[in-house]
2 protein chains.
Amino acid sequence: MTRPTIHDVARAAGVSLSTVDRVLNDRDGVREKTRSRVLEAIGSLGFERNLAAANLSRKRRYRLCFILPDGQNSFMHALEADLAEEAAAALRDFTVIETRKVPAFDAGALAELLRSLDPETVDGVAMVATDATIVRVAVRELRARGVAVVTLVSDLPGAEKQGFVGIDNVQAGRTAGSLLGRFCRGRTGRIAMVSGSMLVRDHAERRLGFEQVLRTEFPEQTLIAPLEGLDDKDRVRDQLGAQLAADPEIIGVYSMGAGNRGVAEALVGLPAGRDVSVVVHELTPYSREALLDGTFDAVLHQNSRREVQGAIQLLRSLLDAQFPPLFVQPIPVEIYLRDNLP
Amino acid sequence: MTRPTIHDVARAAGVSLSTVDRVLNDRDGVREKTRSRVLEAIGSLGFERNLAAANLSRKRRYRLCFILPDGQNSFMHALEADLAEEAAAALRDFTVIETRKVPAFDAGALAELLRSLDPETVDGVAMVATDATIVRVAVRELRARGVAVVTLVSDLPGAEKQGFVGIDNVQAGRTAGSLLGRFCRGRTGRIAMVSGSMLVRDHAERRLGFEQVLRTEFPEQTLIAPLEGLDDKDRVRDQLGAQLAADPEIIGVYSMGAGNRGVAEALVGLPAGRDVSVVVHELTPYSREALLDGTFDAVLHQNSRREVQGAIQLLRSLLDAQFPPLFVQPIPVEIYLRDNLP
DNA sequence: TTGAAAGCGCTAACAG
DNA sequence: CTGTTAGCGCTTTCAA
């Protein structure tokens, strides 16, 4: 009924509270024999430490740092706003969150920031990663300094980080491919792609999944090499607009990065009769409007609020060295069509 | 840096700890004037009670009861398994979860169970609701006895319960309509619907959303009145099979309840050349297989693990009388096509 | 290498 | 009506 405490363990092992504590936190200064007696008592009683009591006693605080790309796209704005709200709420749980910005797509700047982080001030880091060796190295160093690191939204594959919170981007790309393929059914032509930059893993993965599905399931369509819009609406508008104008065979567009407004603007410029199916990422005021007026056919979305919550939760469980290491639910890709907008 | 404690409040207000405690937990036996002095101190210091410390001191435990429909469908099985795992994990947070089963679609049995619940043993209830007045009344009584109540998966609209954790079923129906409508494009005919029972709110809501979209966006299709499959695969197989055989004009099926196996079996029996588009709910081994072999076109899914976690979280926050009352993220409808299966 | 004792922030008797 | 005191389960000096 009432679970065992260190008192029970101490009594069962015939030692004092402090000794139990030493074993629990594997501090040294305990004879191997004593140690095993304590461990045995813990095992037979099924003791599990009361984290709340431990944290109270030790005045534990979790100091987290979130690193986001500096930029003006709607999705990152939303992410930042959600983070601000969650940070306020997290204070109640003794979690202090600091937000830092680095220039988007700039691996050097990100690495430098990581390198500047002081383990005396920061316990854990969540970052929207730029995928580059220099970043990987900086993460490894940070971890060596005892800081927990997870990636958020865009991953940094490899063992350097301790977790990723975000959608499965390959799967998102497959979903986009499957939808766009079906939307274009009955017509044959070319498909344009717009990415932000292939330097961020999420866009690269989306492209992979998208091409996979289109090649195998919809071989009648031809893929054009992706434009790099750098998540900038003007650049996207200009490049995509030019491509569409030059190539009347384009019947579908997949935009895997930000810059939805640019995509919409490029499409508005087309001659009235031309029918282009469009799938983009992230539900924003612009993509929403474009969905409603029929310019976009589907929007794939990730819930940034949930992502922020997941990252906080994951970092805390890592810092608690919780076992089993808490399974944070993966973030699902949400699909919006004109008729199911929330 | 370090947040204020009741000691600080007591000192600022010139009273003892107990008095502060009395005010905090609004117990009586405090003169109005003293009370306001304490409240003022709390306000000016920005004091917020440390819930962990309070719970430790009062040996707080959260005793929750989950009520699920008894039945053999895959989704409820998955829900139950997830609940079992989450219950084990919740123990660490002093949350004890008991699971109860009632016959599916049986409002009387559910109401009776609710009436039998003892507030001395249970602090909060999460239930998959059957939508009936008798249930509504039982919930109201339970709440009056001081028990927190939320609905899970299927809602009980009204002020009786304190929250709902599940998908937006009207939106799910709209999504189904939007997808099926597009899948049937180019063909004109009739659309069959299979529900479990209109006594559960989720199916009724799905139907609503589905019909809305089909009527307005795809008026060329004709809707047939829904079959009641009672979530039973054999019944679904027989009824739908008969309907499909009798009516060669049926080109689409929307199944909004359980019994996916029955749906798949009914379709397998069709003559080779017949093309029927199908949208169903819940990703299960059967629906997955049917998606892969092309029998089903899309599966709408709700993540039961997330729903269980959400319900636990919500009940705990209600019991803590937390303010603001913790916003539990809505559960998104996940859409699976053959190419984006996880 | 071990133990005793004080204290984390809050609650709950029990006195006054 | 208000205050004193002894915990809740765990950690942390400080002695031994």
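Numbers restart at 1 for each chain; the letters A, B, ... are given by sequence-line order, proteins then strands.
As a whole-Å value, the separation of A:Arg58 CZ from D:dT11 P is 5 Å. In this structure, the NE2 atom of A:His7 is 13 Å from the C1' atom of D:dA6, given to the nearest Å. Here the C1' atom of nucleotide D:dG9 and the CG atom of B:Asn50 are 14 Å apart, to the nearest Å. Distance A:Arg11 CZ to C:dG3 P: 14 Å, rounded to the nearest Å. Note: CD1 (B:Ile42) to C1' (C:dG9) measures 14 Å, nearest angstrom. One interatomic measurement links the two molecules: CZ of B:Arg3 to C1' of C:dG9, which rounds to 10 Å at whole-angstrom precision. Remark: P of D:dG9 and CZ of B:Arg60 are 16 Å apart, rounded to the nearest angstrom.
Listed for the A:Arg92 side chain is no donor-acceptor partner under 3.5 Å among the backbone atoms of B:Arg49. Between the side chain of B:Asp118 and the backbone N or O of B:Glu120, at least one donor-acceptor pair lies under 3.5 Å. The backbone N or O of B:Cys65 sits nowhere less than 3.5 Å from a side-chain atom of B:Thr99 that would complete a donor-acceptor pair.
Using a 4.0 Å heavy-atom distance criterion, A:Phe47 is classed as a sugar-phosphate-only contact. The residue B:Arg22 sits close to a base: some heavy atom pair falls under 4.0 Å. Residue-level contact check: A:Val15 touches the backbone only, with heavy atoms under 4.0 Å from sugar-phosphate atoms and none from bases. If you check every strand for non-hydrogen atoms under 4.0 Å, A:Asp21 touches a base.
Note on the helix from C:dT1-D:dA16 to C:dG16-D:dC1: angle between the axes of the first and last five pairs equals 40°, rounded to 10 degrees.
In the displayed structure, A:Glu98 atom CD is contacted under 6.0 Å by more than 12 heavy atoms of other residues, nucleotides or ligands. The environment of CD in A:Gln329 is crowded: more than 12 heavy-atom neighbours from other residues, nucleotides or ligands sit within 6.0 Å. A 6.0 Å sphere centred on CD of B:Glu40 holds no more than 12 heavy atoms belonging to other residues, nucleotides or ligands.
Look at A:Lys59 and you'll find a side-chain N or O under 4.0 angstrom from OP1 or OP2 of C:dG9. Contact between the side-chain N/O atoms of B:Arg49 and the OP1/OP2 oxygens of C:dT11 is found at a separation under 4.0 Å. Dashed line: the shortest gap from a side-chain N or O of A:Ser16 to OP1 or OP2 of C:dG3 is under 4.0 Å.
A cation-pi arrangement is absent between B:Arg316 and B:Phe94 under the rule of less than 6.0 angstrom and at most 45 degrees off the ring axis. Geometric assessment of A:Arg60 against the ring of A:Tyr62 yields a positive cation-pi assignment under the 6.0 Å and 45° thresholds.
To the nearest 0.5 angstrom, B:Glu32 atom CD is 6.0 Å from B:Arg35 atom CZ. Once rounded to the nearest 0.5 Å, the distance linking CD1 of A:Ile312 with OG of A:Ser317 reads 12.5 Å.
Checked against C:dA12, D:dG9, C:dG3, the side chain of B:Leu56 finds its nearest nucleotide in D:dG9.
Judged by closest nucleotide on DNA chain D, B:Gly14 is the one of B:Gly14 and A:Ile6 placed further toward the 5' end. Remark on DNA chain D: of its neighbouring residues B:Arg37 and A:Ala52, the 5'-side contact belongs to B:Arg37, judged by nearest-heavy-atom nucleotide.
Contacts of residues 23-35 of chain A with DNA chain C (heavy atom under 4.0 Å): A:Gly29, A:Val30, A:Arg31, A:Thr34.
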What does the list of N/O pairs under 3.5 Å between the protein and nucleotides 5-7 of chain C look like, with a distance for each?
{"unit_1": "C:dG7", "atom_1": "N2", "unit_2": "A:Ser57", "atom_2": "OG", "d": "3.1"}

A:Val149/A:Glu160 under side-chain contact (heavy atoms from CB on, under 4.5 Å): CA gap, chis, key distance, verdict:
CA-CA 8 Å; A:Val149 182; A:Glu160 291 86 4; over 6 Å; no
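Checked against A:Met127 for a side-chain contact (heavy atoms from CB on, under 4.5 Å), the options A:Val135, A:Leu68, A:Val153 give a single hit: A:Val135.
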